[in-house]
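Structure first, then comments.
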Amino acid sequence: MHYQAESWGSYLATPRSNNNMSNGGGGMDAFERIERLANASAVVIFSVSSCCMCHAIKRLFCGMGVNPTVYELDEDPRTGKDIEKALMSLLGTSSAVPVVFIGGKLIGAMDRVMASHINGTLVPQLKEAGALWL
């Protein structure tokens, strides 16, 4: 797995307003950061280091031979909460993690990833994104 805690700084919006979801147009808001991060690698997982479901999804991808880029939101005190809120909004759920993007496309949370894995559509998505070659 490729952890990307150090790269958050390059995506920080300055100056930040009181609105956690946006910075008033003066830079990237949380949704723009998510889009930029999700498009930076073939497989991107937004996670929290203490989340057992996040651990399970990371193990699934590693077990398949995929090397996901992982963003641990709890390890970024400046923007992690904003990203987490934006992910909850995108998913329409009260739990923001884990969230998986493949080829820049939102796959979803654990339930969607597991459903794709079980019905056989996950591997073709991984191949199409260039994350899996076999």
Side-chain angles (χ1 to χ4, degrees):
M1 278 180 281
H2 187 226
Y3 287 88
Q4 286 293 322
E6 72 278 353
S7 70
W8 287 101
S10 64
Y11 299 107
L12 294 177
T14 54
R16 292 174 52 126
S17 72
N18 291 334
N19 182 347
N20 287 339
M21 298 298 281
S22 173
N23 59 16
M28 268 191 268
D29 71 4
F31 293 104
E32 290 169 331
R33 284 193 299 271
I34 290 168
E35 182 178 7
R36 187 165 177 182
L37 294 170
N39 284 306
S41 298
V43 177
V44 174
I45 301 172
F46 290 94
S47 173
V48 171
S49 58
S50 62
C51 170
C52 64
M53 298 306 272
C54 296
H55 177 74
I57 207 82
K58 290 181 275 190
R59 297 290 5 131
L60 171 69
F61 283 107
C62 288
M64 296 174 75
V66 173
N67 187 23
T69 298
V70 178
Y71 293 98
E72 298 289 1
L73 300 178
D74 58 323
E75 294 177 4
D76 178 22
R78 295 194 295 176
T79 61
K81 286 291 181 194
D82 293 347
I83 297 287
E84 197 169 343
K85 289 176 185 176
L87 289 169
M88 284 189 292
S89 177
L90 282 174
L91 294 174
T93 65
S94 60
S95 177
V97 292
V99 176
V100 176
F101 288 82
I102 298 175
K105 179 183 172 194
L106 173 64
I107 301 305
M110 180 72 151
D111 58 340
R112 293 283 188 131
V113 174
M114 291 308 295
S116 295
H117 182 51
I118 291 167
N119 71 22
T121 60
L122 184 60
V123 169
Q125 289 175 318
L126 293 168
K127 287 179 180 178
E128 184 179 324
L132 194 61
W133 293 275
L134 299 175

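Since the model is a prediction, treat every value here as computed from it, not as a measurement. Numbers for residues simply follow the sequence, beginning at 1.
Listed by chain and number, the residues in a side-chain contact (heavy atoms from CB on, under 4.5 Å) with Asp74 are Val48, Ser49, Glu72 (sequence neighbours excluded). The salt bridge (charged side-chain N to carboxylate O under 4.0 Å, His left out) check on Lys81 picks up Glu84, with sequence neighbours excluded.
A side-chain contact (heavy atoms from CB on, under 4.5 Å) with Val99 is found for exactly one of Leu87, Ile107, Thr93, Leu73, namely Leu87.
Counting all heavy atoms, side chain and backbone alike, Gln125 lies closest to Ile102 at O-CG2, 3.6 Å. Taking both residues in full, the closest heavy atoms of Val70 and Ser47 are given as CG1-CB, 4.0 Å, listed atom of the first, atom of the second, then distance. Taking each heavy atom of Ile45 and Pro98 in turn, the nearest pair found is CG2-CB, 4.5 Å.
Taken from CD1 in Ile34 to CG in Leu90, the straight-line distance is 5.5 Å, to the nearest 0.5 Å. Atom-to-atom distance recorded for Cys54:SG and Met110:CE is 9.0 Å, nearest 0.5 angstrom. Considering CG of Asp29 and CG of Asp82, their distance stands at 9.5 Å, rounded to 0.5 Å. Expressed to the nearest 0.5 Å, how far CZ of Arg33 lies from OG1 of Thr79 amounts to 5.0 Å. Taken to the nearest 0.5 Å, the CG atom of Leu37 stands 9.5 Å off from the OG1 atom of Thr69.
For residues 74-116, the pairs satisfying ring pair (Phe, Tyr, Trp, His ring centres under 6.0 Å) are Phe46-Phe101, with sequence neighbours left out.
Taking 4.5 Å as the limit, some side-chain heavy atom of Leu122 sits within range of a side-chain heavy atom of Phe61. Ser95 is not listed as a side-chain neighbour of Met88, based on a closest heavy-atom distance of 4.5 Å or more. Side-chain atoms of Leu126 and Val43, non-hydrogen and from C-beta on, do get closer than 4.5 Å to each other.
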Can you give each donor-acceptor pair under 3.5 Å made by side-chain atoms of residues 127-134, sequence neighbours left out, with the distance rounded to 0.1 Å?
| from | atom 1 | to | atom 2 | distance (Å) |
| --- | --- | --- | --- | --- |
| Lys127 | NZ | Leu134 | O | 2.9 |

Identify all side-chain donor-acceptor contacts of residues 111-120 below 3.5 Å with residues at least two apart in sequence or on another chain.
| from | atom 1 | to | atom 2 | distance (Å) |
| --- | --- | --- | --- | --- |
| Ser116 | OG | Arg112 | O | 3.0 |
| Asn119 | OD1 | Thr121 | N | 3.0 |
| Asn119 | OD1 | Thr121 | OG1 | 2.8 |
| Asn119 | ND2 | Ala115 | O | 3.3 |

